[in-house]
Engineer: 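Can you keep this structure in mind? I'll have questions shortly.
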Amino acid sequence: MLTESPLPIRHPTPSWRRYLAPKILRQVYEGTPVTEDFAEGYPSDEEWHGYINNNDRVLLKVIHYSSPTSAGAECIDPNCTWVEQWVHRAGPREKIYFKPEEVKAAIVTCGGLCPGLNDVIRQIVITLEIYGVKNIVGIPFGYRGFSDKGLAEMPLSRKVVQNIHLSGGSLLGVSRGGPSVSDIVSSMEERGINMLFVLGGNGTHAGANAIHDECRKRKLKVAVVGVPKTIDNDILLMDKTFGFDTAVEEAQRAINSAYIEAHSAYHGIGVVKLMGRSSGFIAMQSSLASGQVDICLIPEVPFNLHGPHGVLRHLKYLIETKGSAVVCVAEGAGQNLVEKTNATDASGNIVLGDIGVRIQQETKKYFKEIGIPADVKYIDPTYMIRACRANASDGILCTVLGQNAVHGAFAGYSGITVGICNTHYVYFPIPEVISHPREVDPNSRMWHRCLTSTGQPDFI
């Protein structure tokens, strides 16, 4: 059965006046030469059908499961009625909520680094200029830039951002934490910002949603639009987030280095720790891609190091049968096996114990105790991976996400984030995607494909 409406989406106040999309935008999408001339009334071009209708929807799941026991099936209500869910399709609208010449747009990047940040910043700026926006600024060093008087906003233009995608990092800088939501909105009011583009993960999006709510509370005509930045690929409902493909690709270098070190040594064991605080997507996909990993450990699947079915006993078997082994572990895996600090970072995330070092130490100790020589090498490529430039796949994703973020803001949507769902670009209501991190399903086909690739048993 089809639902009458999509997932709830935050609309601007009904009193907002709508304007026709600027002529320059139509020219870009039609492929005709771009000019600096804007028609006063932004006349409509009825011959071009490239605009997205506000009622266009994208289906969240494309498989109709015949049974709750089917692989990947999820009941979304107690009676398992298989109600289909829809979200708004992303893209340019013929009618827009803002006059471009009255817009002051701001971009902020929060959290840690991720490949593709500069690509998204660049494309947001370029698309804003195509709409006719002249006043574009970057807020330096995350939300902190709204309150720190020593941090001046950075004027942005196509000339400024033209080549920033050729390197990693963020032109604007990143940081965790920041001032209160009330102080951020007050700063936005003082600066005259009426479009805010927020690049970040779950915590950053929670902040963006709070900013959106505060703007509504104050009856401010401000569009707050998120672009999901998480290298861990752990945001709900989305096919993938930008930076993930690059991380999987770059991880191949570390895994291959671990394999060569292990394969070239007598009883060599290579241990690689990859990113993934609560979700093991990078470790799982990197292991699948490499074909060189013997053991893949992720946060969603518990394991023991010691005991008859533990990781160390299987490493002994691999050394005896293969002569070497490679272990790939996500940073959030096996936290029950490391000492807890109860410390948190500026974003409120729990500081994790180093499971990679723990595995390295316990492996050396175990083989020494049983009298078998073992050469254990440990590689942690975390900062090398997240600081690199986005690859081609992520570059395309970032480009389209940046464009659609601007389209969403001009359509008058706020409290949304842009993402890819079933290969289509859509607008998600922020609360729907930040309720909890997306995780690897231990019963999923993909995880079992990984187990088939590695040949590892259960470690419980």
Side-chain angles (χ1 to χ4, degrees), residues 6-7 9-10 29 50-54 56-63 72 74 84-93 109 111 114-124 126-127 165 197-202 204-205 208-209 225-249 276 279 281-282 284-285 289 390-411 413 415-441 444 446:
L7 289 172
I9 201 150
R10 306 290 179 122
Y29 279 91
Y51 292 113
I52 301 298
N53 190 290
N54 280 329
D56 282 358
R57 305 289 190 254
V58 173
L59 191 61
L60 277 181
K61 293 201 172 184
V62 294
I63 298 176
E74 288 181 43
E84 292 175 343
Q85 294 178 297
W86 306 76
V87 281
H88 286 264
R89 185 180 174 200
R93 268 62 173 171
T109 55
C114 177
L117 279 170
N118 281 335
D119 300 62
V120 177
I121 294 169
R122 176 179 183 270
Q123 203 55 227
I124 289 175
I126 289 173
T127 310
H165 64 301
F197 298 95
V198 182
L199 284 59
N202 279 304
T204 301
H205 271 66
N209 194 60
V225 178
V227 182
K229 176 230 68 175
T230 167
I231 203 168
D232 294 348
N233 200 34
D234 62 350
I235 294 187
L236 293 173
L237 305 179
M238 300 185 186
D239 291 0
K240 65 179 177 181
T241 53
F242 77 82
F244 175 70
D245 277 355
T246 304
V248 171
E249 185 174 311
S279 306
F281 289 103
I282 293 179
M284 176 179 71
Q285 300 279 50
N391 66 6
S393 174
D394 273 325
I396 295 169
L397 177 60
C398 291
T399 295
V400 183
L401 290 176
Q403 290 175 356
N404 281 322
V406 176
H407 294 322
F410 266 101
Y413 294 149
I416 61 163
T417 190
V418 61
I420 187 168
C421 178
N422 290 327
T423 73
H424 295 282
Y425 291 88
V426 302
Y427 297 129
F428 293 101
I430 291 178
E432 297 289 342
V433 299
I434 63 170
S435 56
H436 58 87
R438 176 179 175 228
E439 298 177 349
V440 173
D441 179 1
S444 68
M446 190 59 74

Engineer: Using the side chain to side chain contact (heavy atoms under 4.5 Å, CB included) definition, which of the options V400, D394, T399 pairs with L397?
Structural biologist: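 Passing option: D394.
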Engineer: If you look at every heavy atom in V227 and V418, which pair is closest and at what distance?
Structural biologist: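 That would be CG2-CG1, 4.1 Å.
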Engineer: With L236, which residues qualify under side chain to side chain contact (heavy atoms under 4.5 Å, CB included), at least two apart?
Structural biologist: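 L236 satisfies side chain to side chain contact (heavy atoms under 4.5 Å, CB included) with S435, H436, R438 once adjacent residues are dropped.
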Engineer: Considering only heavy atoms from C-beta outward, does the side chain of F428 approach that of L60 to under 4.5 Å?
Structural biologist: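 They are in contact (side-chain heavy atoms under 4.5 Å apart), so the answer is yes.
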Engineer: Would you say the side-chain atoms of N422 pair up with the backbone N or O of V58, donor to acceptor, closer than 3.5 Å?
Structural biologist: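 Checked: no pair found.
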Engineer: Residues two or more places apart in sequence or in another chain: which of them pass side-chain hydrogen bond (donor to acceptor under 3.5 Å, both in side chains) with R89?
Structural biologist: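 Scan of R89 (side-chain hydrogen bond (donor to acceptor under 3.5 Å, both in side chains), adjacent residues dropped) gives D56.
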Engineer: Do you know the tightest heavy-atom contact between P228 and I235?
Structural biologist: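 Nearest pair, atom of P228 first, then I235: CB-CD1, 3.4 Å.
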Engineer: Where do A411 and R93 come nearest, in terms of heavy atoms and distance?
Structural biologist: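 Shortest heavy-atom contact: CB-CD, 4.0 Å.
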Engineer: Return the set of residues passing side-chain hydrogen bond (donor to acceptor under 3.5 Å, both in side chains) with T417 (not counting sequence neighbours), or none when no residue passes.
Structural biologist: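 Here the qualifying residues are H205.
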Engineer: Of all the heavy-atom pairs spanning D239 and C421, show the shortest one and how long it is.
Structural biologist: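 Scanning both residues, the minimum pair turns out to be OD1-CA, 3.5 Å.
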Engineer: What's the shortest heavy-atom distance between A390 and G395, and which atoms?
Structural biologist: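 What the structure gives for the nearest pair is CB-N, 4.3 Å.
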Engineer: What pairs with T230 under side-chain hydrogen bond (donor to acceptor under 3.5 Å, both in side chains), at least two apart in sequence or on another chain?
Structural biologist: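 Once residues adjacent in sequence are excluded, the partners of T230 under the side-chain hydrogen bond (donor to acceptor under 3.5 Å, both in side chains) criterion are D234.
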Engineer: Looking only at non-hydrogen atoms, find the nearest pair between I231 and G243 and report the distance.
Structural biologist: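 The pair with the smallest heavy-atom distance is CG1-O, 3.6 Å.
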Engineer: If you measure from OG1 on T241 to CG on N233, what distance do you get to the nearest 0.5 Å?
Structural biologist: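 One finds 4.5 Å between OG1 of T241 and CG of N233.
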Engineer: Between D232 and F281, is any pair of side-chain heavy atoms under 4.5 Å apart?
Structural biologist: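 A side-chain contact under 4.5 Å is absent here.
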Engineer: Do Y413 and N54 come within less than 4.5 Å of each other through their side chains, counting heavy atoms only?
Structural biologist: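 Yes, at least one pair of side-chain atoms sits under 4.5 Å.
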Engineer: State, with a plain yes or no, whether a side-chain heavy atom of V406 is found less than 4.5 Å away from one of F197.
Structural biologist: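 Side chain of V406 against side chain of F197, heavy atoms only: contact under 4.5 Å found.
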Engineer: Would you say that V87 contacts R57 through its side chain, given a criterion of any heavy-atom pair below 4.5 Å between the two side chains?
Structural biologist: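 Counting from C-beta outward, V87 and R57 never come under 4.5 Å.
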Engineer: Is the shortest side-chain heavy-atom distance between N209 and P431 below 4.5 Å?
Structural biologist: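 Side chain of N209 against side chain of P431, heavy atoms only: contact under 4.5 Å found.
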Engineer: If we only count heavy atoms from C-beta on, is the L199 to L117 side-chain gap below 4.5 Å?
Structural biologist: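 Yes - at least one pair of side-chain heavy atoms lies under 4.5 Å apart.
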Engineer: About how many Å separate OG of S393 and CD of E249, when rounded to the nearest 0.5 Å?
Structural biologist: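 Taking CD in E249 and OG in S393, the distance rounds to 8.5 Å.
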Engineer: List for me each residue that meets side-chain hydrogen bond (donor to acceptor under 3.5 Å, both in side chains) alongside Q285, sequence neighbours excluded, and say none if there are none.
Structural biologist: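 Listed in chain order: nothing, the list is empty.
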Engineer: Would you say H407 and T127 make side-chain contact, with heavy atoms under 4.5 Å?
Structural biologist: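 They are in side-chain contact.
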